[in-house]
Amino acid sequence: MTEQTKVKELEDVVIRFSGDSGDGMQLVGNIFSNLSAVLGNHISTFPDFPAEIRAPQGSLSGVSGFQVHLGSKKIFTPGDKADVLIAMNPAALKVNANRLKPNAIIIIDSDSFKESDLKKADFKTEDPFEELGLNSLYVQVVSAPIETAVKESLADSGLDNKARLRSKNMFALGLTCWLLNRPLEHAFEMLQNKFRKKEKIMEANIKVLADGYNYGHNIHASVSTIRIESAQTEKGIYTDIQGNKATALGLIAAAEKAGLELFLGSYPITPATEILQELSARKEMGVKAMQAEDEIAGICSAIGASFAGSLAATSTSGPGLALKSEAIGLAVMAELPLVIIDVQRGGPSTGLPTKTEQSDLYQALYGRNGESPVVVMAASTPTDCFDAAYMASKIALEHLTPVILLTDGFLANGSSAWRIPDLEEYPSINPPYVKPEMLEGWKPYKRNEETMVRYWAIPGMEGFMHRLGGLEKDYQTSAISTDPANHEKMTKTRQTKVDRIATELPPQEIMGNKDADVLVVGWGGTYGHLYAAVENILSEGGNIAFTHFKYISPLPTNTSEILTKYKKVIVCELNNGQFAGYLRSKVPHANILQYNKIQGQPFTEIELVEYFKKLMEE
């Protein structure tokens, strides 16, 4: 008879799945995250991919990780350090040793901790825990012979040895579900959906998952299992959603609201490819997605679709945005609606394609020839990618302008629990179409003199035949013009059109203590870490304020008022100070300081809290 396992109740817990790049850590992390979201927990995840496509097995450079932070309260970050580590080999243990809390629980595959495995991970002794100093953290180790157990579990499955061992990750997931008191029914459903066309593989994974769970029940483990209560949340249907998928769904929602077909012309590039993949699978919703032969063809096909009257978009990452620059200028000159999604990654050039960064801001703002203004926005969380894509589409369609939406690798691959929204709650989208009464004297660049937006005529509208192009047009006649004064007028008109969008943006909001001396400023995917750090300081009685920018060009109308109010404005970003420099150019009288990190990794709450406290003391 087994001992009754003790249960420890926590408000939140951080779990990190880690193993070789072929061990399926991303899959089990996603299943565990989905399972927790369905059970009503708040979550935030961080997949951490190796840079190499296939590093040597068991090597330090080949370690792949997936971290999930879940709790019964609002979760803003994937967590700094882990309460639970699943280490499938010694390399995974070594890479993550400095990411563990005291008394952390470590689940290891004892079959993968042989002498040869330790050598691959550059261990010098036979005791990796002592060598890494983990014993001083009083870590609790659950050592399970996962490889042996999986072979025995699937002995009668008809699968060969290699296919059987691919299910090791499911055994580890089962153990984790036991440890965290997660019921398996929803996980079974997820596996059935994923492997519905491969019945043998589906059955094998389900069996091994259950065996891993039962293994936890049957061992005399010295660790307590953990229970996280469901969160008190708004009623609705919840799921776990990654940023790239949320972006794709936001585009679909905007097209539906505007009554338009959605077209995406794109070229695959890490970490933006999933947007193209997601939209390619949505033909039943009227989506047209084209995988072009290169970045230039992708955006040019989208411009053609926009001219034809579709909601047109293109997705890419930093190097691809550079290739699209001339075509973006064409969309500016033609004054056509276009959504350009840039999922930022470490650069320059190929840089760190699997790591996150915020270093494309200057490129988004200025990376085109001539005076070429566009709207620039940034999503703040994986779920906010939906809202940001929707609003980027609304602005593009209503103001006939390209909109660059910046996300990043952290948001694209990370996920949060998402309440599926009611589209009726979202604002209407009303493009400035021409009307029949405008036919007499109509020209393609005839515009609303209040908003400076030209009227949109779709090919096929009787009497509204027209041509657009990359050459300058006359303000009055819309014919090609090289007149110097006209060029200046058209240049300023295009800039004014973008500037006036600011009057329609929500005012910038201040969180925390509005009367503090120090204001923390962020933009894009740093939101969760900055918010958590500020909340930490406020909970200890600190005096600090926080504001986070979603709209960058144009800025909200009260930006100057906010930034000049505080003695110290600290702009935190994952680059060398691009937003700080931009704000200095727009609000020169503000005392703008900067805190930067360029390591391909997001901020940690700990480092931010330490820096903010030091700044406040000074």
Side-chain angles (χ1 to χ4, degrees), residues 15-36 45-68 82 84-93 95-96 106-113 117 144-151 153-154 157 159-180 182 184 186-198 200-213 215 240 242 271 274 277 354 413-415:
I15 304 106
R16 189 171 181 90
F17 298 90
S18 188
D20 197 71
S21 56
D23 282 339
M25 295 295 96
Q26 309 302 324
L27 174 60
V28 296
N30 276 310
I31 292 175
F32 188 82
S33 302
N34 268 295
L35 180 59
S36 299
T45 72
F46 176 47
D48 194 8
F49 302 97
E52 291 83 353
I53 292 175
R54 193 68 174 92
Q57 191 172 15
S59 66
L60 297 173
S61 60
V63 173
S64 177
F66 188 104
Q67 186 158 302
V68 55
V84 179
L85 171 66
I86 294 84
M88 299 297 286
N89 60 25
L93 178 68
V95 166
N96 293 290
I106 303 175
I107 297 174
I108 67 168
D109 176 9
S110 58
D111 290 334
S112 297
F113 273 71
D117 301 306
I146 294 178
E147 186 173 317
T148 300
V150 169
K151 286 180 180 178
S153 175
L154 299 179
S157 66
L159 297 172
D160 60 34
N161 189 55
K162 186 176 181 180
R164 278 184 275 169
L165 289 179
R166 287 199 187 103
S167 300
K168 287 197 306 179
N169 58 342
M170 290 300 143
F171 193 95
L173 177 61
L175 257 177
T176 309
C177 288
W178 160 75
L179 184 66
L180 274 294
R182 310 274 96 173
L184 296 182
H186 291 296
F188 290 157
E189 291 176 11
M190 294 171 198
L191 289 173
Q192 287 166 353
N193 289 331
K194 180 171 181 61
F195 297 110
R196 60 183 177 274
K197 295 182 180 179
K198 300 177 181 178
K200 267 194 173 184
I201 302 297
M202 177 188 71
E203 291 173 353
N205 278 282
I206 289 175
K207 186 176 189 307
V208 171
L209 175 63
D211 287 349
Y213 188 91
Y215 182 91
D240 169 48
Q242 290 180 308
E274 289 79 11
Q277 292 173 334
T354 64
N413 297 314
S415 63

Intermediate values then yes/no, salt bridge (charged side-chain N to carboxylate O under 4.0 Å, His left out), E147 and K151: CA-CA 6 Å; E147 186 173 317; K151 286 180 180 178; 3.5 Å; yes
Inter-residue atom distance L173.CG - Y213.OH, 0.5 Å rounding: 11.5 Å
From I107 atom CD1 to I146 atom CD1, the distance as rounded to the nearest 0.5 Å: 7.5 Å
Euclidean distance, I106 CD1 relative to I86 CD1, rounded to 0.5 Å: 10.0 Å
For F113, ring pair (Phe, Tyr, Trp, His ring centres under 6.0 Å) partners two or more places apart: none
Which atom of D109 lies closest to which atom of P145, heavy atoms considered: OD1-C, 3.9 Å
Could you list the donor-acceptor pairs under 3.5 angstrom formed by side chains in residues 21-34, with sequence neighbours left out?
| unit_1 | atom_1 | unit_2 | atom_2 | d |
| --- | --- | --- | --- | --- |
| S21 | OG | R54 | NH1 | 3.3 |
| D23 | OD2 | D20 | N | 2.8 |
| Q26 | NE2 | S64 | OG | 2.7 |
| Q26 | NE2 | G65 | O | 2.9 |
| N30 | ND2 | Q26 | O | 3.0 |
| S33 | OG | G29 | O | 2.7 |
| N34 | ND2 | N30 | O | 3.1 |

Sequence-distant partners of F46, ring pair (Phe, Tyr, Trp, His ring centres under 6.0 Å), two or more places apart: F410
Shortest non-hydrogen contact between L154 and S167, atoms and distance: CD1-OG, 4.0 Å
F17 to V68 - nearest heavy-atom pair and separation: CE1-CG1, 4.4 Å
Verdict with reasoning, N169 to V208, per side chain to side chain contact (heavy atoms under 4.5 Å, CB included): CA-CA 9 Å; N169 58 342; V208 171; over 6 Å; no
Minimum heavy-atom distance between L175 and A144, given as atom pair plus value: CD1-CB, 4.0 Å
Any side-chain donor near an acceptor of the partner, T148 and D111, under 3.5 Å: yes
Q242 (side chain) donor-acceptor with N413 (main chain) under 3.5 angstrom: yes
C177 and L35, any side-chain heavy atoms less than 4.5 Å apart: yes
S157 OG to K200 NZ distance, which is reported to the nearest 0.5 Å: 7.0 Å
Side chain to side chain contact (heavy atoms under 4.5 Å, CB included) between I206 and L191, intermediate numbers included: CA-CA 7 Å; I206 289 175; L191 289 173; 4.0 Å; yes
Atom NZ of K207: over 12 foreign heavy atoms under 6.0 Å: yes
Nearest-0.5 Å distance that lies between atom CD1 in I15 and atom OG1 in T45: 11.5 Å
D48 side chain reached by V63 side chain, heavy atoms, under 4.5 Å: no
Reported CG-to-CD distance for the pair L184 and E189, which is rounded to 0.5 angstrom: 11.5 Å
